[in-house]
Amino acid sequence: NVEELEIGATATVSLNVGSVAVPEIVLTASNGNTQVVTLANATGITNILAAGAAGAGLDDANGLTFTGSGYTGTDDTVTITGSTVARAMTTGAMTLGGVENINIVVSGVDTQTFTIGNLVNNALNTMTVTSSGFGAATTGTDIVLGNVGDGANGMSSFDASGADTGVSVTLADMAASSSVTGSGFRDTLDLTGSAGGSIVSAGAGNDIVTASNQGDNISGEAGNDTLN
């Protein structure tokens, strides 16, 4: 078995990993390489690591796409572990086909942003975002996730209450009566395109919340919020 697969591609490539069990993917920090690497028939991947590294410009990493028959369950979970302790980090887009639950866990320092260039797949049901190290005094939005969803208004939950910095995310695929929970910091939560009827708790901080076209139940909570 392969315990860890390090990826640092300078072009868009595909790799069939169906014959090996790979529990962990390490996205190597680089300068400007956010091309997407496709892993066909991946099975057993539970953790994806992406950390900025000391050195000029080492703040980018590849995106990932899962294709094929690797994830066929109904409750598969993958954790994306990011770090901006040494330097900010931006990954390419993530399309983790067949994965229902995604956890984002980030350690960092204030003003060093962790960015994923969209995270959409056909099975995504829940997402949880937690972080540490950004600090209780932060006023920034240091986790940027782009578009998150399943493409079919099927997400039931987005929870960033465990983040110690602001989170920016576009949630265009929240199901009716789904729940959206922001952090206690400066979030940007955009539900444009979702089914409507989401229950949104923005949390403390000066948040920007945009409702779906169908209307949602939004609680801005503490802070000087902007509701659209």
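Sequential numbering from 1 along the given sequence is applied to the chain's residues.
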Engineer: Shortest non-hydrogen contact from Leu64 to Leu39?
Structural biologist: CD2-CD1, 4.2 Å
Engineer: Quick one: OG on Ser132 to CG on Asp164, what's the gap to the nearest 0.5 Å?
Structural biologist: 6.0 Å
Engineer: For the side chain of Asp187 and the backbone of Leu189, is there at least one donor-acceptor N/O pair under 3.5 Å apart?
Structural biologist: no
Engineer: Do Leu49 and Val109 belong together in a cluster built from hydrophobic side chains that touch within less than 4.5 Å?
Structural biologist: no
Engineer: Looking at Ala29 and Ala51, what are the two nearest heavy atoms and their distance?
Structural biologist: CB-O, 3.4 Å
Engineer: Does the Gln35 side chain pair with the main chain of Thr10, one donor and one acceptor, at a distance under 3.5 Å?
Structural biologist: yes
Engineer: Distance-only, no hydrogens or angles: does the Asn41 side chain make a donor-acceptor pair with backbone N or O of Gly18 under 3.5 Å?
Structural biologist: no
Engineer: A side-chain contact here means heavy atoms from C-beta on lying under 4.5 Å apart; do Val2 and Val22 qualify?
Structural biologist: yes
Engineer: Tell me, do Asp142 and Asp110 make a side-chain contact under 4.5 Å, heavy atoms counted?
Structural biologist: yes
Engineer: Show the nearest heavy-atom pair for residues Asp207 and Ala204, with the distance to one decimal.
Structural biologist: OD2-O, 3.6 Å
Engineer: Can you check whether Thr113 reaches Ile143 side chain to side chain, under 4.5 Å on heavy atoms?
Structural biologist: no
Engineer: Which heavy atom of Val120 sits nearest to which heavy atom of Asn147, and what is that distance?
Structural biologist: CG2-O, 3.4 Å
Engineer: Assigning hydrophobic clusters by single linkage (Ile, Leu, Val, Met, Phe, Trp, Tyr; side-chain heavy-atom cutoff under 4.5 Å), is Val37 placed with Leu5?
Structural biologist: yes
Engineer: First locate atom CG of Asp225, then atom CG of Asn206, and finally report the distance between them rounded to the nearest 0.5 Å.
Structural biologist: 6.5 Å
Engineer: Among all residues two or more places apart in sequence or in another chain, which pass the side-chain contact (heavy atoms from CB on, under 4.5 Å) test with Ser161?
Structural biologist: Asp159, Thr181
Engineer: For the residue pair Asn101 and Asp75, confirm or rule out a side-chain donor-acceptor distance under 3.5 Å.
Structural biologist: yes
Engineer: If you round to the nearest 0.5 Å, how far is CG of Asn125 from OG1 of Thr74?
Structural biologist: 10.0 Å
Engineer: Check whether Ile25 and Val20 end up in the same hydrophobic cluster, where Ile, Leu, Val, Met, Phe, Trp and Tyr are linked by side-chain heavy atoms less than 4.5 Å apart.
Structural biologist: yes
Engineer: Using the rule that Ile, Leu, Val, Met, Phe, Trp and Tyr join whenever any side-chain heavy atoms are under 4.5 Å apart, tell me whether Leu227 and Val169 fall into a single cluster.
Structural biologist: yes
Engineer: Can you find a heavy atom in the side chain of Asp59 that is under 4.5 Å from one in the side chain of Met89?
Structural biologist: no
Engineer: Sequence neighbours left out, what passes ring-ring contact (aromatic ring centres under 6.0 Å, His included) with Phe66? Give chain and number order.
Structural biologist: Tyr71
Engineer: Just how far is it from atom CG of Leu58 to atom CG of Asn33, taken to the nearest 0.5 Å?
Structural biologist: 10.5 Å
Engineer: Return the minimal non-hydrogen interatomic distance between Ser194 and Ser212, and the atom names on each side.
Structural biologist: O-CB, 3.6 Å
Engineer: Which value, rounded to the nearest 0.5 Å, describes the distance between Ser131 atom OG and Phe185 atom CZ?
Structural biologist: 7.5 Å
Engineer: Any sub-3.5 Å donor-acceptor pair from Asp60's side-chain atoms to Gly32's backbone N or O?
Structural biologist: yes
Engineer: In sequence, state the C-alpha distance, the side-chain angles, and the governing distance for Ser198 and Ser178, and then conclude on side-chain hydrogen bond (donor to acceptor under 3.5 Å, both in side chains).
Structural biologist: CA-CA 5 Å; Ser198 294; Ser178 58; 2.8 Å; yes
Engineer: Over all heavy atoms of both residues, which pair between Gln112 and Thr84 is shortest? Give the atoms and the distance, please.
Structural biologist: O-OG1, 3.1 Å
Engineer: Let's go through Ile116 and Ile80 carefully: what are the C-alpha distance in whole Å and the side-chain angles of both, what is the deciding distance for side-chain contact (heavy atoms from CB on, under 4.5 Å) to 0.1 Å, and is it a yes or a no?
Structural biologist: CA-CA 10 Å; Ile116 297 177; Ile80 299 173; 4.2 Å; yes
Engineer: Where the side chain of Glu221 meets the backbone of Gly203, is there a donor-acceptor pair that is under 3.5 Å apart?
Structural biologist: yes
Engineer: Just checking, is any N or O donor in the side chain of Thr77 or Asn103 under 3.5 Å from an acceptor N or O on the other one?
Structural biologist: no
Engineer: Taking the side chain from Ser183 and the backbone from Ala160, do they hold a donor-acceptor pair closer than 3.5 Å?
Structural biologist: no
Engineer: Is there a continuous path of hydrophobic side-chain contacts, each under 4.5 Å between heavy atoms, that joins Ile218 to Ile208?
Structural biologist: no
Engineer: Using the rule given for side-chain contact (heavy atoms from CB on, under 4.5 Å), can you reason through Glu100 versus Leu124, listing the C-alpha separation, both sets of side-chain angles and the distance that settles it, and then say yes or no?
Structural biologist: CA-CA 4 Å; Glu100 288 81 16; Leu124 186 57; over 6 Å; no
Engineer: Let me see the working for Glu24 and Ile48 under side-chain contact (heavy atoms from CB on, under 4.5 Å), right down to the final yes or no.
Structural biologist: CA-CA 6 Å; Glu24 185 168 86; Ile48 299 168; over 6 Å; no
Engineer: Given Val148, which of Ile104, Ile102, Leu119, Asp173 fulfils the side-chain contact (heavy atoms from CB on, under 4.5 Å) condition?
Structural biologist: Leu119
Engineer: Could you go step by step and tell me if Val200 and Val209 meet the side-chain contact (heavy atoms from CB on, under 4.5 Å) rule?
Structural biologist: CA-CA 9 Å; Val200 182; Val209 181; 4.2 Å; yes
Engineer: Counting N and O atoms only, with roles assigned by atom type, does the side chain of Arg186 sit under 3.5 Å from a partner on the main chain of Thr165, one being a donor and the other an acceptor?
Structural biologist: no
Engineer: Less than 4.5 Å apart, any side-chain heavy atom of Leu145 and any of Val129?
Structural biologist: yes
Engineer: Would you give the length of the straight line joining atom CG of Asn62 to atom OG1 of Thr91, rounded to the nearest 0.5 angstrom?
Structural biologist: 9.0 Å
